[in-house]
Amino acid sequence: MRVGLYPGSFDPITNGHVDIIKRSLAVVDKLIVGIGISATKTPLFSLEQRMAMIDSEMGPIAKAVGAELSVISFEGLLVDVAQQNGASLIIRGLRTAADFEYEAQMTSMNRAMAPGIETVFLAASADVGFISSTLIRQIHAMGGDISPFVPKCVLDNI
Ligand code: ADP
């Protein structure tokens with residue numbers, strides 16, 4: 001059984017994340033979406049809300065394609081979380097060259113620490129590749145319409 005771990009902050013989940021999750025479900029038998037807990041950041045959505053939104057949005061989609069989906073929160077080293085949860089793949093989305101710069105170094109470090117875990121990059125889809133949770137939070141804070149960029153569960157909770 002091939003298990004993938006897709007980590008992020010998902011504050012909130014966006015159409016870009018939805019795209020990566022859907023496409024990941026085609027390459028793994030089980031996908032674990034891991035929400036990293038950051039003690040320093042004050043999130044827009046609580047951890048519980050973020051977990052529930054991902055679960056409600058993506059659970060039925062995973063079921064429809066016969067894959068398993070679980071949503072967890074985590075603190076600490078990503079490679080430890082992958083190992084503890086039986087994941088052999090870490091999945092990341094790549095939007096820009098800046099994403100790549102950051103991810104390339106992180107991937108090499110993770111491979112040095114845990115050679116058995118492979119990081120897999122999915123190139124962002126053109127129609128959602130410009131979306132980031134940070135921009136969504138900023139647009140929302142300034143009264144803008146975020147509805148084209150996030151799934152309905154986010155609009156229902158905001
Ligand atoms: P963000 O960077 O939007 O705040 P996260 O930290 O939750 O979001 O990102 C988790 C993962 O999802 C990262 O690998 C990131 O590159 C990827 N990702 C985020 N937004 C998109 C998008 N629009 N298209 C493809 N991948 C994305």
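In what follows, every heavy atom counts, from backbone to side chain, and hydrogens, waters and symmetry copies are set aside. Both counts, for ligands and for their atoms, begin at 1 and track the order of listing. Source: prediction; values computed, not measured. Residue indices begin at 1 and follow the sequence shown.
For the salt bridge (Lys or Arg N to Asp or Glu O under 4.0 Å) condition, the pairs that include at least one residue of residues 12-32, sequence neighbours left out, are Asp19-Arg23, Lys30-Glu68.
In summary, the side chains of Ser147 and Asp145 do present a donor paired with an acceptor at a separation below 3.5 Å, with no hydrogens or angles considered.
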What does the N/O contact table under 3.5 Å look like for ligand 1?
unit_1: ligand 1; atom_1: 2 (O); unit_2: Arg95; atom_2: NH2; d: 2.9
unit_1: ligand 1; atom_1: 3 (O); unit_2: Arg95; atom_2: NH1; d: 3.2
unit_1: ligand 1; atom_1: 3 (O); unit_2: Ser133; atom_2: N; d: 2.9
unit_1: ligand 1; atom_1: 6 (O); unit_2: Ser9; atom_2: OG; d: 3.4
unit_1: ligand 1; atom_1: 7 (O); unit_2: Ser9; atom_2: N; d: 2.9
unit_1: ligand 1; atom_1: 7 (O); unit_2: Phe10; atom_2: N; d: 3.0
unit_1: ligand 1; atom_1: 7 (O); unit_2: His17; atom_2: NE2; d: 3.2
unit_1: ligand 1; atom_1: 8 (O); unit_2: His17; atom_2: NE2; d: 3.2
unit_1: ligand 1; atom_1: 12 (O); unit_2: Tyr6; atom_2: OH; d: 2.6
unit_1: ligand 1; atom_1: 14 (O); unit_2: Arg92; atom_2: NE; d: 3.3
unit_1: ligand 1; atom_1: 14 (O); unit_2: Gly93; atom_2: N; d: 3.0
unit_1: ligand 1; atom_1: 14 (O); unit_2: Gly93; atom_2: O; d: 3.4
unit_1: ligand 1; atom_1: 16 (O); unit_2: Gly93; atom_2: O; d: 2.6
unit_1: ligand 1; atom_1: 20 (N); unit_2: Arg95; atom_2: NH1; d: 3.1
unit_1: ligand 1; atom_1: 23 (N); unit_2: Val128; atom_2: O; d: 2.8
unit_1: ligand 1; atom_1: 23 (N); unit_2: Ile131; atom_2: O; d: 2.9

Side-chain atoms of residues 72-79: list all donor-acceptor pairs with protein atoms under 3.5 Å, sequence neighbours left out, distances to 0.1 Å.
none

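Remark: Asp156 engages Lys152 in a side-chain hydrogen bond (donor to acceptor under 3.5 Å, both in side chains) (not counting sequence neighbours).
Using a 4.5 Å cut-off on side-chain heavy atoms (C-beta onward), Arg2 and Val27 make no contact. Using a 4.5 Å heavy-atom cutoff, the side chains of Pro12 and Arg137 are in contact.
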